[in-house]
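Notes follow the structure.
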Number of protein chains: 2
Amino acid sequence: MTSTASGVEPGEIELGAVLSALADPHRRRVIRDLVNDADGSERSCTSFGLDLSKSTRSHHFKVLREAGLVHQVDRGNRSGVTLRRGDLDRRFPGLLALIGSQSSD
Amino acid sequence: MTSTASGVEPGEIELGAVLSALADPHRRRVIRDLVNDADGSERSCTSFGLDLSKSTRSHHFKVLREAGLVHQVDRGNRSGVTLRRGDLDRRFPGLLALIGSQSSD
DNA sequence: ACCAAGGTTCTACTTGCATCGTACCTCAAC
DNA sequence: GTTGAGGTACGATGCAAGTAGAACCTTGGT
């Protein structure tokens, strides 16, 4: 029903949760791709080419969502994942640029 | 014997390891304190007020060392911990500033 | 010479986390 | 309306990580 879906408040984003989320290579790859996408672009969970079972993939997006890194819009069929660029740049300036600039490690 | 003690090469510092290291609150606190210290200042492991057993404390400094975040000089009695500010700023610009600016979360 | 304090290593325990399979839901397409 | 694909939730499992205690080493201070 196009709800905003379980994300923390902009002011509640915690550095520990963000760093834990970004410590995982798969999740970091998702964020890197989103950073380098056009601003506000919406992608589905499967579009990142993660080589994982779909339950594991869903889990990782839940972590990203609960850490406050992405918004996820329920479109019934698929789900629209967007980077919370504004909130993140405001709270952790330079972080997204850093993630986006890394080649793959 | 004042050896340089098990640190990765400047070019070998990996973002994943750094983020994993910083995901832990205790380790993040150590780095935050070091960032806000005078440049190149050397501190002992106990000087950070970590409420942990000394074996656990030693473990955390090993993680920081192996991730490339700190150098540790063996002075026999105590140990001199220093932040690898130059290497880190060069490789991950903005990261240390980010950690240093966080109050405590 | 002794003792206390700072560190490291080893071992062990416990918790957390990544992973997957299954079941279930929603919608788009045929 | 049935099927298939995208997602979520739950339960189970296996490995990684945080924690601490004990034994040991080194050195500064008494």
Side-chain angles (χ1 to χ4, degrees), chain A residues 1-8 14 16-31 33-34 41-67 69-83 105, chain B residues 1-7 14-31 33-34 41-83:
Chain A
M1 240 305 288
T2 315
S3 62
T4 312
S6 61
V8 288
E14 287 182 15
V18 169
L19 292 176
S20 293
L22 292 174
D24 182 274
H26 298 123
R27 294 192 291 253
R28 195 162 62 250
R29 189 147 94 82
V30 168
I31 300 302
D33 286 7
L34 285 171
S41 68
E42 189 175 307
R43 297 183 55 171
S44 72
C45 295
T46 50
S47 71
F48 296 92
L50 300 177
D51 192 19
L52 296 167
S53 71
K54 69 177 172 178
S55 56
T56 303
R57 195 186 320 136
S58 184
H59 160 71
H60 283 303
F61 280 95
K62 184 179 187 181
V63 173
L64 289 174
R65 203 187 318 146
E66 291 180 344
L69 283 161
V70 301
H71 266 143
Q72 207 166 339
V73 181
D74 183 7
R75 302 214 178 285
N77 208 7
R78 67 199 72 205
S79 93
V81 178
T82 54
L83 182 63
D105 49 21
Chain B
M1 241 305 289
T2 313
S3 63
T4 311
S6 62
E14 287 182 15
L15 182 56
V18 169
L19 293 176
S20 293
L22 292 174
D24 182 275
H26 298 123
R27 294 192 291 253
R28 196 163 60 249
R29 189 146 95 81
V30 168
I31 300 302
D33 286 8
L34 285 172
S41 68
E42 189 174 309
R43 298 183 53 170
S44 72
C45 295
T46 50
S47 71
F48 297 92
L50 299 178
D51 192 19
L52 296 167
S53 71
K54 70 176 171 178
S55 58
T56 302
R57 195 186 318 137
S58 185
H59 160 71
H60 283 302
F61 280 94
K62 185 180 187 179
V63 173
L64 289 174
R65 205 186 316 144
E66 291 180 345
L69 283 161
V70 301
H71 267 142
Q72 206 166 339
V73 182
D74 184 6
R75 303 214 176 285
N77 207 7
R78 69 197 71 207
S79 92
V81 178
T82 54
L83 182 63

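In what follows, chains carry the letters A, B, and so on, assigned in the order in which the sequence lines appear, proteins first and then strands, with residues in each chain numbered from 1. From a predicted model like this one, the values you see are computed outputs, not experimental measurements. Scope of the values below: all heavy atoms of this structure, side chains included, with no hydrogens, waters or symmetry mates.
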Self-check item: Atom-pair distance (CG on A:D74; P on C:dT26), nearest Å
Solution: 10 Å
Self-check item: Partners passing side-chain hydrogen bond (donor to acceptor under 3.5 Å, both in side chains) against B:H60 (at least two apart in sequence or in another chain)
Solution: B:R27
Self-check item: Short side-chain N/O contact from B:Q72 to OP1 or OP2 of C:dG7, under 4.0 Å
Solution: no
Quiz item: Does A:R28 reach the main-chain N or O of A:L22 with its side chain, forming a donor-acceptor pair under 3.5 Å?
Solution: yes
Exercise. Please say whether the positively charged group of B:R29, taken as NZ for Lys or CZ for Arg, lies over the ring of B:F48, i.e. under 6.0 angstrom from the six-membered ring centre and within 45 degrees of the axis.
Key: no
Practice problem: Identify the heavy atoms of A:A21 and A:L64 that sit nearest to each other, and give their distance. | Solution: CB-CD2, 4.2 Å
Exercise. Quickly work out the B:R57 CZ to C:dT9 P distance and round it to whole Å.
Key: 15 Å
Exercise. Provide, to the nearest angstrom, the distance between the CZ atom belonging to B:F61 and the P atom belonging to C:dT8.
Key: 9 Å
Quiz item: Hey, does B:T56 have a side-chain heavy atom less than 4.5 Å from the side chain of B:H26?
Solution: no
Atom pairs under 3.5 Å: protein N/O with N/O of nucleotides 28-30 of chain C:
| unit_1 | atom_1 | unit_2 | atom_2 | d |
| --- | --- | --- | --- | --- |
| C:dA28 | O4' | A:N77 | ND2 | 3.3 |

Self-check item: Whole-Å gap separating P (C:dA18) and CG (A:L50)
Solution: 13 Å
Practice problem: Please state how far atom CD in B:E66 lies from atom C1' in C:dT9, giving the value in whole angstrom units. | Solution: 13 Å
Self-check item: Distance, rounded to the nearest Å, where A:L64 contributes CG and C:dC17 contributes P
Solution: 14 Å
Quiz item: Using a cut-off of 4.0 Å between protein heavy atoms and nucleotide atoms, how would you tag nucleotides 15-21 of chain D 5' to 3' with B, S and -?
Solution: ---SBBB
Quiz item: Should the heavy atoms of other residues, nucleotides or ligands under 6.0 Å from CZ of A:R78 be counted, would the total exceed 12?
Solution: no
Quiz prompt | With B:T82 via side-chain hydrogen bond (donor to acceptor under 3.5 Å, both in side chains) - residues at least two apart | solution = none
Exercise. Figure out the NZ/C1' separation between A:K54 and C:dC20, and round it to whole Å.
Key: 12 Å
Quiz item: Counting any heavy atom closer than 4.0 Å, what does B:T46 reach on the DNA or RNA strands: base, sugar-phosphate only, or nothing?
Solution: sugar-phosphate
Practice problem: Check whether any side-chain nitrogen or oxygen of B:R43 sits under 4.0 Å from OP1 or OP2 of C:dG6, and answer yes or no. | Solution: no
Quiz prompt | Contacts of B:S79 that satisfy side-chain hydrogen bond (donor to acceptor under 3.5 Å, both in side chains) - sequence neighbours left out | solution = B:Q72
Self-check item: With sequence neighbours excluded, residues passing side-chain hydrogen bond (donor to acceptor under 3.5 Å, both in side chains) with A:S58
Solution: none
